[in-house]
Chemist: 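I'd like to ask some things about the structure below.
Here is the naming used below: chain letters follow the sequence lines, and residue numbers restart at 1 for every chain. Because only heavy atoms are used, hydrogens play no part in the values below, and waters and symmetry mates are left out as well, while side chains stay in.
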Number of protein chains: 2
Amino acid sequence: MATIYQVSELAGVSLATVSRVMNNNAKVSDKTKQKVLDAMAQLGYQPNSIAQSLASNRSNSVGVLVSELHGPFFGDMMSAIEETLRYEGKHTIITSGHSDEKREKESIEFLIGRKCDALILHAEAVSDEYLLELEQRGIEFVLINRYIESLKNRCICLDNRQGGYLATQHLLNLGHRQLVYVSGPLWKQDAQARLTGHKQALNEANIAFTQAQLFEGDYRQDSGCKGLDYFLERGQKFTAIVCANDEMASGVMSRARQLGIVVPDELSIVGFDNIIYASYLYPTLTTIDYPIYDMGKMAAYSILKTVYNKKDVQVTPVFVPKLKVRNSSIQHT
Amino acid sequence: MATIYQVSELAGVSLATVSRVMNNNAKVSDKTKQKVLDAMAQLGYQPNSIAQSLASNRSNSVGVLVSELHGPFFGDMMSAIEETLRYEGKHTIITSGHSDEKREKESIEFLIGRKCDALILHAEAVSDEYLLELEQRGIEFVLINRYIESLKNRCICLDNRQGGYLATQHLLNLGHRQLVYVSGPLWKQDAQARLTGHKQALNEANIAFTQAQLFEGDYRQDSGCKGLDYFLERGQKFTAIVCANDEMASGVMSRARQLGIVVPDELSIVGFDNIIYASYLYPTLTTIDYPIYDMGKMAAYSILKTVYNKKDVQVTPVFVPKLKVRNSSIQHT
DNA sequence: GCTATAAATGAAAGCGCTTACATTTTTACT
DNA sequence: AGTAAAAATGTAAGCGCTTTCATTTATAGC
């Protein structure tokens with residue numbers, strides 16, 4: 001692999017000049033520039049970005065932490081970020097934390113060690129203190145789907161509470177009075193907030209919420225199935241079921257079908273996230289739109305603005321959840 | 001951020017010794033080792049992996065190229081690879097090529113520039129010659145879902161032709177005689193192979209295949225919808241439809257429902273890939289199992305074996321597609 | 001206790017770049 | 001043409017680590 005040294009030799013200039021034309025951050029006469037470019041082309045020169053990073057303490061790459069590398073939610077988030085950054089010539093390094101504190105930390109430290117210029121974190125398990133410490137250390141980062149008051153200018157958030165509220169309100173408006181709720185893992189901030197919204201809507205309608213109406217799932221399809229079974233086994237009466245995400249909702253739907261329960265006639269279902277599959281399910285799923293793609297984009301923009309000094313971008317950190325009514329929920333008769 | 005120099009100073013030893021205990025690749029007396037470890041802990045030392053890479057020409061990271069960062073197929077592939085490698089202390093850097101030659105090349109060169117120890121490529125658009133050239137350059141890599149004869153020991157493949165054959169054979173066995181086919185983009189090797197398998201099965205059953213029975217989609221849901229419309233508009237008669245992947249199959253299914261066509265009673269559908277959603281669709285989708293998760297794992301194992309000298313792994317590069325019969329296909333009466 | 005050998009440690013030269021500073025060349029003006 | 005300032009280029013010192021080779025220290029055998 002050709003190095004900058006060989007280029008400089010072939011072009012008959014110094015290392016510094018070659019470096020200058022590469023980064024084009026200083027004036028080089030057109031003539032020498034051409035000589036250098038020719039030499040590069042001739043040698044098939046590719047700068048060694050590791051060496052560049054070490055020398056410049058800059059990597060032109062931003063690190064991303066997601067919980068999982070699969071699934072529609074994170075898929076869209078990663079796509080949005082990568083597209084936006086690549087368009088500006090920045091690279092994306094992705095790691096996963098599996099919602100586990102140790103692994104999230106490891107991943108973050110790895111990204112820092114890789115000299116990422118900034119991080120975009122979907123950090124669920126790591127403590128607020130750790131994130132504050134990151135700020136102390138001077139690490140540039142942005143948080144997706146996590147709100148910390150003292151870090152609020154770094155948070156790209158959706159109002160999950162409001163989303164939970166909307167979902168439940170929708171069912172109440174349809175006349176449902178007996179609801180059950182399949183939540184996400186309650187140690188997660190978003191799962192808590194969504195549940196809080198649910199309770200709030202119930203409360204405003206003067207409907208009591210008891211522990212018996214709650215099943216704590218894990219955001220995966222299978223726990224939707226389990227949740228439905230759980231309520232059924234216990235003889236819980238309900239005409240509608242609110243799920244804290246679409247994947248669990250699709251699990252509920254699929255299990256209901258196995259059991260001969262007709263959706264939405266006998267059971268209304270509402271999800272959360274509006275993942276791509278929500279509109280391909282049968283019946284199509286009523287859900288809360290989580291604009292994760294746009295939020296990913298926004299996170300990237302925010303980095304471009306603060307770290308890479310791109311001026312002409314507008315950063316709006318607050319996103320509003322919207323109800324998306326489809327066919328899985330109908331009037332209770 | 002503490003550097004190795006400060007550690008060596010605090011521990012009262014040389015740089016070399018600190019490096020030795022970090023990599024523990026040379027004997028260091030227990031006493032000094034402890035001094036160094038203490039110093040590291042005290043300073044919260046984290047090695048700068050950029051510097052490590054530059055010095056050692058090794059990065060302990062492997063680069064992955066996928067077509068898209070979203071979607072169930074690539075999600076599973078990335079997860080499998082990352083999990084396997086992380087378990088061995090290796091890191092994963094992921095890039096996407098969007099099935100575009102220029103972007104695939106860019107991504108590959110980026111990964112090489114980042115001094116990845118090896119690459120795992122789902123390269124669709126790049127030429128065979130380019131891949132051969134990579135080998136010439138001494139780049140370590142493995143190909144997923146692409147077969148090149150002279151690189152066969154680097155290919156982790158599924159027999160797509162055989163998969164296409166099985167899908168169609170299944171429908172023929174069910175008595176269907178009028179089939180149509182929604183293919184993937186035909187410039188892609190896998191789309192071609194699947195179609196070839198389809199034709200072969202038809203041929204063995206003495207059924208002619210005409211251009212009118214083919215719609216070229218793009219592997220996305222929406223082109224399933226478009227495909228169904230296409231055949232319908234043209235007045236094509238068919239009792240079953242073979243789709244080159246599950247996403248298009250789910251598009252067909254969803255469009256059929258909109259049009260009041262009952263699946264499977266009036267139309268049998270078979271997909272390909274067996275993505276997670278296939279079993280959550282209604283009706284559940286008959287498909288060909290593509291063990292992408294296992295193939296991802298295998299790709300990672302192969303790298304562990306050849307590049308990181310992990311001995312106790314068995315690499316089986318050939319995977320066999322299997323028919324997964326569910327409810328979207330039934331006997332033709 | 002003394003030497004021969006092995007084990008542990010240190011010194012220093014890179015890895016391929018960037019960049020502050022020094023030097024040379026060009027340009028503009030009198 | 002001669003000078004001062006500006007522009008272009010070169011020199012060389014790092015960035016934080018690994019690794020070869022040299023040196024020192026410990027171990028064992030007599």
Side-chain angles (χ1 to χ4, degrees), chain A residues 1-37 39-40 43-61 91 109-117 137-138, chain B residues 1-37 39-40 43-61 91 109-117 137-138:
Chain A
M1 199 102 191
T3 74
I4 196 177
Y5 180 75
Q6 312 183 36
V7 174
S8 78
E9 199 168 43
L10 182 58
V13 298
S14 72
L15 298 190
T17 303
V18 176
S19 175
R20 283 180 189 113
V21 349
M22 270 173 55
N23 300 296
N24 91 135
N25 53 3
K27 284 248 72 65
V28 175
S29 74
D30 290 348
K31 206 171 51 181
T32 22
K33 181 184 270 181
Q34 199 51 55
K35 278 194 299 186
V36 172
L37 290 175
M40 282 177 170
L43 292 168
Y45 172 73
Q46 289 287 130
N48 176 326
S49 57
I50 294 284
Q52 286 180 315
S53 295
L54 184 61
S56 65
N57 206 28
R58 236 329 157 92
S59 63
N60 278 320
S61 66
H91 287 284
E109 296 300 334
F110 167 73
L111 293 171
I112 295 172
R114 275 336 268 187
K115 286 282 170 286
C116 288
D117 300 332
R137 288 210 254 158
Chain B
M1 201 103 190
T3 74
I4 197 177
Y5 180 74
Q6 313 183 37
V7 174
S8 79
E9 198 168 44
L10 183 59
V13 299
S14 72
L15 298 191
T17 303
V18 176
S19 175
R20 283 180 188 112
V21 350
M22 270 172 54
N23 299 296
N24 93 131
N25 53 4
K27 284 247 76 61
V28 175
S29 75
D30 290 349
K31 208 171 49 182
T32 20
K33 181 183 272 180
Q34 198 52 53
K35 278 193 299 185
V36 172
L37 290 174
M40 282 177 171
L43 292 168
Y45 171 73
Q46 290 285 130
N48 176 326
S49 57
I50 294 285
Q52 287 180 314
S53 296
L54 184 60
S56 64
N57 206 29
R58 241 321 163 91
S59 63
N60 279 320
S61 66
H91 287 284
E109 296 300 335
F110 167 72
L111 293 171
I112 295 172
R114 287 313 290 178
K115 285 283 170 287
C116 288
D117 300 332
R137 288 210 254 158

Chemist: So what is the end-to-end bend of the helix from C:dG1-D:dC30 to C:dT30-D:dA1, with 5 pairs used at each end and the value given to 10 degrees?
Modeler: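 End axes: 30° apart.
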Chemist: What is the distance, to the nearest angstrom, from the OH atom on A:Tyr5 to the P atom on D:dG10?
Modeler: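 The distance from OH of A:Tyr5 to P of D:dG10 comes to 13 Å, rounded to the nearest Å.
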Chemist: For DNA chain D, determine which residues of residues 16-27 of chain A have any heavy atom closer than 4.0 angstrom to one of its atoms, and list them numerically.
Modeler: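 The answer is A:Ala16, A:Thr17, A:Arg20, A:Lys27.
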Chemist: What is the minimum heavy-atom distance between A:Met22 and A:Pro47, and which atoms define it?
Modeler: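 Closest heavy-atom pair between A:Met22 and A:Pro47: CE-CB, 3.5 Å.
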Chemist: On DNA chain C, compare the nucleotides closest to A:Ser56 and A:Lys31; which residue's is nearer the 5' end?
Modeler: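 Here A:Ser56 is the residue nearer the 5' end.
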Chemist: Where do B:Asp117 and B:Ser59 come nearest, in terms of heavy atoms and distance?
Modeler: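 Scanning both residues, the minimum pair turns out to be OD1-N, 2.8 Å.
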Chemist: With heavy atoms under 4.0 Å as the rule, sort A:Asn57 into base, sugar-phosphate or nothing.
Modeler: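 The answer is nothing, as A:Asn57 stays clear of every strand by at least 4.0 Å.
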Chemist: By the 4.0 Å heavy-atom rule, please label A:Thr32 as base, sugar-phosphate, or nothing.
Modeler: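 Sugar-phosphate, no base atom in range.
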Chemist: Are B:Ile50 and B:Arg114 close enough that some pair of their side-chain heavy atoms sits under 4.5 Å apart?
Modeler: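 Side chain of B:Ile50 against side chain of B:Arg114, heavy atoms only: contact under 4.5 Å found.
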Chemist: Would you say A:Ser8's side chain and A:Val18's backbone share a donor-acceptor pair under 3.5 angstrom?
Modeler: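 It does not hold such a pair.
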Chemist: In this structure, how many angstroms lie between the C1' atom of D:dG16 and the CG atom of B:Asn48, rounded?
Modeler: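 Rounded to the whole Å, the gap is 6 Å.
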Chemist: Which pair of non-hydrogen atoms, one from B:Tyr45 and one from B:Ile4, has the smallest distance, and what is that distance?
Modeler: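 Minimum heavy-atom separation between B:Tyr45 and B:Ile4: CE1-N, 3.6 Å.
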